[in-house]
Amino acid sequence: MATWQCIKQCGACCHLDPAERPDLDEYLSPTELEVYLSMVGEEGWCVNFDHATRECRIYDHRPRFCRVEVEAFQDMYGIEPEELNEFAIDCCREQIEGVYGDRSLEMLRFDQAVGIGVK
């Protein structure tokens with residue numbers, strides 16, 4: 001069974017372009033939406049994403065909507081704890097495909113890390 005995990009130096013989730021996420025106000029509070037929009041920088045990338053290292057500059061202090069945690073996903077998306085793993089994997093794969101492509105190194109690394117396609 002595949003098990004979700006974040007892969008270092010990917011950053012696909014740091015591509016925050018609001019044009020690609022028209023339903024933000026459905027799962028973010030007004031305050032969170034304001035924070036989210038303030039984080040959108042050049043070409044839709046988060047202003048806290050370091051393109052050189054491909055890491056978040058505020059990782060330990062990132063907002064709730066940047067975290068894959070049971071409570072946050074339950075509150076924002078109505079995802080029950082037992083559904084989180086599969087939902088998070090699907091979300092990451094969709095985001096990685098949109099940012100880097102379905103045959104990108106990032107997708108291959110993610111699939112390998114979570115155990116997709118591994119026998």
Side-chain angles (χ1 to χ4, degrees):
M1 179 178 156
T3 304
W4 180 86
Q5 64 177 288
C6 183
I7 58 169
K8 290 189 176 283
Q9 298 175 316
C10 170
C13 60
C14 300
H15 193 258
L16 305 176
D17 190 350
E20 296 175 10
R21 300 173 186 209
D23 57 348
L24 287 170
D25 61 342
E26 293 177 20
Y27 54 87
L28 296 180
S29 71
T31 302
E32 287 175 323
L33 181 59
E34 186 177 325
V35 170
Y36 183 98
L37 295 174
S38 75
M39 292 169 58
V40 179
E42 193 174 320
E43 297 181 21
W45 286 95
C46 179
V47 296
N48 298 302
F49 181 63
D50 183 328
H51 290 273
T53 63
R54 296 181 74 182
E55 294 180 350
C56 176
R57 291 184 190 106
I58 62 164
Y59 189 81
D60 291 335
H61 305 288
R62 68 197 186 282
R64 177 181 82 121
F65 55 79
C66 292
R67 299 171 181 268
V68 178
E69 297 173 346
V70 171
E71 186 178 293
F73 272 58
Q74 195 167 24
D75 183 45
M76 290 190 301
Y77 309 113
I79 300 301
E80 294 301 323
E82 62 273 9
E83 301 169 330
L84 178 61
N85 187 59
E86 185 177 342
F87 185 81
I89 288 171
D90 289 346
C91 286
C92 284
R93 293 192 90 251
E94 184 178 310
Q95 187 68 13
I96 292 168
E97 181 178 347
V99 174
Y100 300 118
D102 66 342
R103 300 205 185 282
S104 64
L105 178 59
E106 292 80 7
M107 184 70 82
L108 294 171
R109 288 178 53 231
F110 180 75
D111 285 351
Q112 182 178 27
V114 301
I116 293 176
V118 177
K119 298 189 185 216

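As a basis for the values below, the full set of heavy atoms in this structure was taken, side chains included, without hydrogen atoms, waters or symmetry mates. Just so we're clear, the structure is a prediction, and the values are computed from it rather than from any experiment.
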Is there a chain of hydrophobic side chains (I, L, V, M, F, W, Y, each step under 4.5 Å between heavy atoms) that links [X] to [Y]?
X	Y	value
Val70	Met76	yes
Met39	Leu37	yes
Phe110	Leu108	no
Tyr59	Val35	no

Partners meeting side-chain contact (heavy atoms from CB on, under 4.5 Å) with Arg57 (sequence neighbours left out):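 Result, side-chain contact (heavy atoms from CB on, under 4.5 Å) vs Arg57: Asp50.
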More than 12 heavy atoms of other groups within 6.0 Å of His61 NE2: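 Atom NE2 in His61 is not packed in, count stays at 12 or less.
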If I take atom [atom1] from residue [X] and atom [atom2] from residue [Y], how far apart are they, to the nearest 0.5 angstrom?
X	Y	atom1	atom2	result
Leu28	Glu26	CG	CD	10.5 Å
Glu94	Asp102	CD	CG	12.5 Å
Leu33	Ser38	CG	OG	10.0 Å

Beyond-backbone contact of [X] with [Y], side-chain heavy atoms, under 4.5 angstrom:
X	Y	answer
Gln95	Glu106	no
Cys6	Val68	no
Glu55	Phe49	no
Leu24	Phe65	no
Cys14	Asn48	no
Leu16	Tyr36	yes

So which heavy atom on [X] is nearest to which on [Y], and how close?
X	Y	answer
Ile89	Ile116	CG2-CD1, 3.7 Å
Trp45	Gly11	CZ3-O, 3.2 Å
Val99	Ala12	CG2-O, 3.8 Å

Listed once per pair and sorted, the side chain to side chain donor-acceptor pair (under 3.5 Å) pairs that draw on residues 79-93, sequence neighbours left out: Gln74-Glu80, Arg93-Asp111
Worked check of side chain to side chain contact (heavy atoms under 4.5 Å, CB included) between Tyr100 and Met107: CA-CA 8 Å; Tyr100 300 118; Met107 184 70 82; over 6 Å; no
Side chain to side chain contact (heavy atoms under 4.5 Å, CB included) assessment of Glu71 paired with Arg64: CA-CA 9 Å; Glu71 186 178 293; Arg64 177 181 82 121; 5.9 Å; no
By ring pair (Phe, Tyr, Trp, His ring centres under 6.0 Å) - contacts of Tyr27 (at least two apart):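 Here the qualifying residues are Tyr77.
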